[in-house]
Amino acid sequence: IDGAYGHGIRVDGCSPIIRGCTISNSTMSGIHIDGGSPSIIDCTIVGNDRGIFAFEASLDLVVDNIIMMNEFAGIYAERVTGTVHDNVFALNGNELFLIDCDLVVENNQFGCGRIVDMLEPLASALIEAMELMGYSMGGGLRAPAPDLDMLLELLLPVMGDSVGIYAVDSCVHASENEYGMLKTAVYLVRSDLVFSDVIRTNSFDMTYANGTRTLSIPFTVYDGIYAVDSTLTIRNASIQAVDDAIFLENSRALILDT
């Protein structure tokens, strides 16, 4: 479903199974849910205004989807319950935006952390191939070497500008998620959070020139958890952040084994 002038799929108080679909470039939501309990499984939801919009619904099964580059949010949920697990969220305006929700969030990837690791060999091979193309073309002609500096500049990402989980007046149980390349991993306002996740800074390491040159690009999380008027239980978590790992404003926290 591509280029819908409105919503890609609209669910009105029912419970369909949406499986294995690609939904892209809708001017509103890729999937718009008003009530019901749909199952959204193994879908690719890319380039919409909001990947999934859910209001007064039960998201009991949102699993194994790729939700990327949606302008406002990967998932925007209001008055929603259920479980969101084993999805990849990347380069959305906000990865997961919650208002007045009670949600379990587990085993998701927020913000390109693990994807970066997977792309390292491909990027290295691409640069090697472009170098070789610059030195030998068909018929023994010698072509100018490609401008590697320009290529690498294009590959250099800026620090992610999105929030992994943005929760307002919500209750969130987050476990076994990973966060990388984000401005803030978790931002809470008047919310309750149980958190057992990994927030990490990693790097994108490429080798080229027959392995003699390397380029390391950091992918960072600026702030880990930022909480306002909230209550937190942080247990068995791991946090690497450029600025504040945990910032509490008028909040209470129990932090154990972290």
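A quick note: this is a predicted structure, and the numbers were derived from the prediction, not measured. Along the sequence shown, residues carry numbers from 1.
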Quick one, Ile9 and Val11 - any side-chain contact, counting heavy atoms below 4.5 Å? yes
Sidechain-backbone polar pair: Asn177 side chain, Asn107 backbone, donor-acceptor under 3.5 Å:
yes
Does a side-chain heavy-atom distance below 4.5 Å link His173 with Leu193? no
Q) Going by heavy atoms in the side chains, are Met69 and Leu91 under 4.5 Å from each other? A) yes
On a heavy-atom basis, the closest approach of Ala227 and Ser251 is O-OG, 3.4 Å
Leu188-Val194 co-clustered via ILVMFWY side chain contacts under 4.5 Å: no
Closest heavy-atom pair, Cys101 versus Ala77, reported as atoms and distance to 0.1 Å, is SG-O, 3.3 Å
Can you get from Leu61 to Ile18 by hopping between Ile, Leu, Val, Met, Phe, Trp and Tyr side chains that sit under 4.5 Å apart?
-> no
dist Leu232:CG -> Arg235:CZ (nearest 0.5 Å) comes out at 13.0 Å
Taking every heavy atom of Ser162 against every heavy atom of Asn92, the minimum-distance pair comes out as CB-O, 3.1 Å
Rounded to the nearest 0.5 angstrom, the OG1-CG distance for Thr184 and Asn94 is 9.5 Å
Of all heavy-atom pairs linking Lys183 and Tyr222, the shortest is O-CB, 3.2 Å
Value for CD1 (Ile234) from CD1 (Ile255), rounded to nearest 0.5 Å, stands at 4.5 Å
Handout entry: Steps toward side chain to side chain contact (heavy atoms under 4.5 Å, CB included) verdict (Leu59, Thr83)
Key = CA-CA 6 Å; Leu59 298 183; Thr83 301; over 6 Å; no
Intermediate values then yes/no, side chain to side chain donor-acceptor pair (under 3.5 Å), Asn25 and Asp2:
CA-CA 6 Å; Asn25 301 314; Asp2 182 63; 2.8 Å; yes
Under 4.5 Å between any side-chain heavy atoms of Arg200 and Glu178, yes or no?
yes
*So does Arg190 pair up with Asp169, basic N to acidic O under 4.0 Å?*
yes
Nearest heavy-atom approach of Ala241 to Gly224 is CB-N, 3.8 Å
When rounded to the nearest 0.5 Å, the distance separating CD1 of Ile45 from OG1 of Thr22 is 9.5 Å
Shortest non-hydrogen pair, Gly36 vs Pro38, comes out as C-CD, 3.7 Å
key: Cluster link Val189 to Phe247, ILVMFWY, side chain under 4.5 Å   = yes
Side chain proximity check, Thr258 to Asn236, heavy atoms < 4.5 angstrom | no
- Message: Please check: side-chain N/O of Ser37 versus main-chain N/O of Ser58, any donor-acceptor pairing under 3.5 Å?
- Response: yes
Separation between CG (Asp229) and CG (Asn250), nearest 0.5 Å, reads 4.5 Å
Query raised in the report: So, do Asn108 and Glu176 sit near enough that their side-chain heavy atoms are less than 4.5 Å apart?
Result: no
- Item | Path from Val104 to Leu98 over hydrophobic side-chain contacts below 4.5 Å | no
In Ile31, Ile23, Ile40, Val88, the residue satisfying side chain to side chain contact (heavy atoms under 4.5 Å, CB included) with Asn65 is Ile40
Is it true that, when you exclude Ile17 itself, more than 12 heavy atoms of the residues, nucleotides or ligands shown sit nearer than 6.0 Å to its CD1? no
**Asked** For the hydrophobic clusters of this structure (ILVMFWY residues joined by side-chain heavy atoms under 4.5 Å, transitively), does one cluster hold both Val168 and Phe72?
**Response** yes
In Phe97, Phe110, Tyr179, the residue satisfying ring-ring contact (aromatic ring centres under 6.0 Å, His included) with Phe89 is Phe110
- Asn48 vs Ser29 side-chain heavy atoms within contact, under 4.5 Å: no
Requested in this report: Assess whether side chain to side chain contact (heavy atoms under 4.5 Å, CB included) is satisfied between Phe195 and Val186, documenting all intermediate values.
Outcome: CA-CA 10 Å; Phe195 184 87; Val186 180; 3.8 Å; yes
Between Asn87 and His85, is a side chain to side chain donor-acceptor pair (under 3.5 Å) present by the stated rule, with each step listed? CA-CA 6 Å; Asn87 302 282; His85 68 93; over 6 Å; no
Within-4.5 Å side-chain heavy-atom neighbours: Glu95 and Leu182 | yes
dist Asp49:CG -> Ser26:OG (nearest 0.5 Å) comes out at 9.5 Å
Is there a side chain to side chain contact (heavy atoms under 4.5 Å, CB included) between Ile75 and Val84? Walk through the geometry before answering. CA-CA 10 Å; Ile75 296 180; Val84 174; 4.3 Å; yes
request  = Please work out which of the three classes, parallel, tilted or perpendicular, describes the rings of Phe53 and Phe55, given edges at 30° and 60°.
outcome  = parallel
Check step by step if side chain to side chain contact (heavy atoms under 4.5 Å, CB included) holds for Ile41 and Arg19.
CA-CA 5 Å; Ile41 305 164; Arg19 182 192 297 270; 3.7 Å; yes
